Amino acid sequence: IKYMFPKAHAAAYVMMAVRVAWFKVYYPRAYYAVYFTLRVNAYEIETMTGRPETIAHRLNSIQQRLNNFETKRDVSMKERNLIDTLEVSLEMNHRGYKINPISLKHSHATEFILDPHDDKAILPPFNVVDGLGNNVAQNLVKARDEQMFISKEDMMRRGGVSGTLIQKLDDLKVTDHLQKSNQMSLF
């Protein structure tokens with residue numbers, strides 16, 4: 001017996017596609033926030049928060065290496081997964097929306113959220129930083145909600161963040177406004 005695709009199943013797929021398209025048109029920030037949270041498994045937040053030219057350059061670099069027979073095997077699995085992420089990031093930028101840098105005050109631990117201060121942007125979560133897992137991200141948000149961090153030392157102690165991750169967060173300009181230690185200097 002030949003398998004027949006049920007009509008009800010096909011109708012459900014079409015209805016879901018219409019819903020997704022409706023959100024993409026009328027609530028694009030919410031659509032992109034949910035898309036990046038649920039459908040993406042590779043992030044390069046330095047590129048995603050950059051200008052459209054930066055995103056396009058990185059995307060073209062990966063695709064050119066994939067299309068070249070000699071360099072095809074040098075493309076990592078993360079870079080292969082990154083193609084879809086960068087394509088959607090570029091589309092988002094061309095539509096007039098963007099991904100703002102991670103906010104120490106507002107970012108969620110594991111979900112992209114709408115930026116409360118920018119009607120054209122979404123905020124990435126802490127777990128998009130390489131090496132910063134879900135548990136550390138949740139500890140960081142929990143400690144931040146209890147009391148805002150006063151220094152990087154405080155962040156390491158209460159948030160459970162390592163020195164290497166502090167350096168990565170500094171590179172992303174998330175913690176560069178914090179003092180190094182809890183001690184205040186008068187001179």
Side-chain angles (χ1 to χ4, degrees), residues 28-59 61-62 76-79 81-82 84-86 88-90 92-93 96-187:
R29 284 194 323 148
Y31 168 80
Y32 288 118
V34 170
Y35 179 85
F36 284 121
T37 299
L38 298 178
R39 296 283 179 221
V40 173
N41 55 9
Y43 302 99
E44 193 173 272
I45 200 65
E46 305 87 6
T47 306
M48 294 168 64
T49 57
R51 297 185 1 226
E53 297 83 21
T54 307
I55 298 170
H57 178 71
R58 177 72 169 129
L59 182 60
S61 168
I62 295 170
S76 68
M77 187 53 98
K78 181 183 177 186
E79 288 179 318
N81 293 336
L82 200 57
D84 293 336
T85 306
L86 294 177
V88 175
S89 297
L90 190 60
M92 183 178 162
N93 274 275
Y97 299 95
K98 64 182 179 175
I99 299 174
N100 277 344
I102 296 171
S103 169
L104 191 58
K105 291 181 182 179
H106 301 291
S107 285
H108 192 268
T110 59
E111 297 175 2
F112 281 78
I113 60 170
L114 305 181
D115 190 338
H117 303 295
D118 189 351
D119 291 340
K120 297 284 187 178
I122 60 175
L123 286 175
F126 287 108
N127 72 341
V128 300
V129 177
D130 288 336
L132 203 154
N134 291 347
N135 289 337
V136 174
Q138 289 169 352
N139 289 342
L140 191 63
V141 170
K142 183 180 174 188
R144 173 195 71 192
D145 291 344
E146 289 171 2
Q147 179 183 347
M148 195 55 177
F149 301 110
I150 57 172
S151 68
K152 294 173 188 172
E153 179 184 317
D154 182 38
M155 190 174 183
M156 290 171 67
R157 186 176 43 80
R158 292 192 304 124
V161 181
S162 69
T164 307
L165 288 174
I166 291 287
Q167 183 59 45
K168 286 182 183 178
L169 291 171
D170 274 346
D171 293 343
L172 292 170
K173 301 195 181 348
V174 177
T175 57
D176 60 350
H177 66 283
L178 292 176
Q179 296 178 25
K180 192 169 185 167
S181 70
N182 292 343
Q183 297 292 324
M184 290 195 339
S185 173
L186 297 176
F187 303 103

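Count residues from 1 along the sequence. All of these numbers come straight from a predicted model, not from anything done at the bench.
- No donor-acceptor pair under 3.5 Å is formed between the side chain of R29 and the backbone N or O of I122.
- We find the OG-CG distance between S76 and L82 to be 8.5 Å, quoted to the nearest 0.5 Å.
- Contacts classified as salt bridge (charged side-chain N to carboxylate O under 4.0 Å, His left out) and involving residues 127-140 (residues at least two apart or in different chains) are given here: K78-D130.
- Residues meeting the side-chain hydrogen bond (donor to acceptor under 3.5 Å, both in side chains) test with Q167, sequence neighbours left out: D171.
- T175 places no side-chain N or O within donor-acceptor distance of the main-chain N or O of L178, the cut-off being under 3.5 Å.
- For D118, the salt bridge (charged side-chain N to carboxylate O under 4.0 Å, His left out) partners two or more places apart in sequence, or in a different chain, are K98.
- The CG atom of D84 sits 5.5 Å away from atom OH of Y35, with the distance rounded to the nearest 0.5 Å.
- Here the CG atom belonging to L132 is positioned 11.0 Å from the OG1 atom belonging to T164, to the nearest 0.5 angstrom.
- Looking at V129 and V174, their side chains never come closer than 4.5 Å, going by heavy atoms from C-beta outward.
- For the pair T37 (side chain) and A33 (backbone), a donor-acceptor distance under 3.5 Å is present.
- Scanning for salt bridge (charged side-chain N to carboxylate O under 4.0 Å, His left out) contacts around K120 gives an empty result, with sequence neighbours left out.
- The structure places NZ of K180 at 9.5 Å from CE of M156, a figure rounded to the nearest 0.5 Å.
- For residues 114-154, every residue pair satisfying the ring-ring contact (aromatic ring centres under 6.0 Å, His included) rule, not counting sequence neighbours, is listed here: H106-H117.
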Worked verdict on I150 versus Q179 for side chain to side chain contact (heavy atoms under 4.5 Å, CB included): CA-CA 7 Å; I150 57 172; Q179 296 178 25; over 6 Å; no

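- Scanning both residues, A137 and N127, for their nearest heavy atoms gives CB-N, 4.1 Å.
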From CA spacing to verdict: salt bridge (Lys or Arg N to Asp or Glu O under 4.0 Å), E46, K168: CA-CA 11 Å; E46 305 87 6; K168 286 182 183 178; over 6 Å; no

Please lay out, stage by stage, how R58 and E79 fare under the test side chain to side chain contact (heavy atoms under 4.5 Å, CB included). CA-CA 10 Å; R58 177 72 169 129; E79 288 179 318; 3.2 Å; yes

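- Atom CZ of R157 is surrounded by more than 12 heavy atoms from other residues, nucleotides or ligands within 6.0 Å.
- Applying the salt bridge (charged side-chain N to carboxylate O under 4.0 Å, His left out) criterion to E153, with sequence neighbours excluded, gives no partner residue.
- For K152, the side-chain hydrogen bond (donor to acceptor under 3.5 Å, both in side chains) partners at least two apart in sequence or on another chain are D170.
- Qualifying side-chain hydrogen bond (donor to acceptor under 3.5 Å, both in side chains) partners for S151, counting only residues two or more places apart in sequence or in other chains: N182.
- In this structure, CG in N93 is found 4.0 Å from CD1 in I55, a value given to the nearest 0.5 Å.
- The distance from atom OG1 of T85 to atom CG of L90, rounded to the nearest 0.5 Å, is 12.5 Å.
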Assess whether side chain to side chain contact (heavy atoms under 4.5 Å, CB included) is satisfied between V128 and F36, documenting all intermediate values. CA-CA 10 Å; V128 300; F36 284 121; over 6 Å; no

Show every donor-acceptor pair shorter than 3.5 Å between a side-chain atom in residues 140-147 and any protein atom, with sequence neighbours excluded, or say none if there are none.
unit_1 : atom_1 : unit_2 : atom_2 : d
R144   : NH1    : L104   : O      : 3.1
R144   : NH1    : S107   : O      : 2.7
R144   : NH2    : S107   : O      : 3.1

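- Qualifying side-chain hydrogen bond (donor to acceptor under 3.5 Å, both in side chains) partners for N81, counting only residues two or more places apart in sequence or in other chains: none.
- Every ring-ring contact (aromatic ring centres under 6.0 Å, His included) that Y43 has, sequence neighbours left out, goes to F112.
- Applying the salt bridge (charged side-chain N to carboxylate O under 4.0 Å, His left out) rule to R158 yields the partners D154; only residues at least two apart in sequence or on another chain are considered.
- The shortest heavy-atom contact between P124 and I102 is CG-CG1, 3.6 Å.
- Under the 4.5 Å side-chain criterion, counting only non-hydrogen atoms from C-beta, L123 is not in contact with H108.
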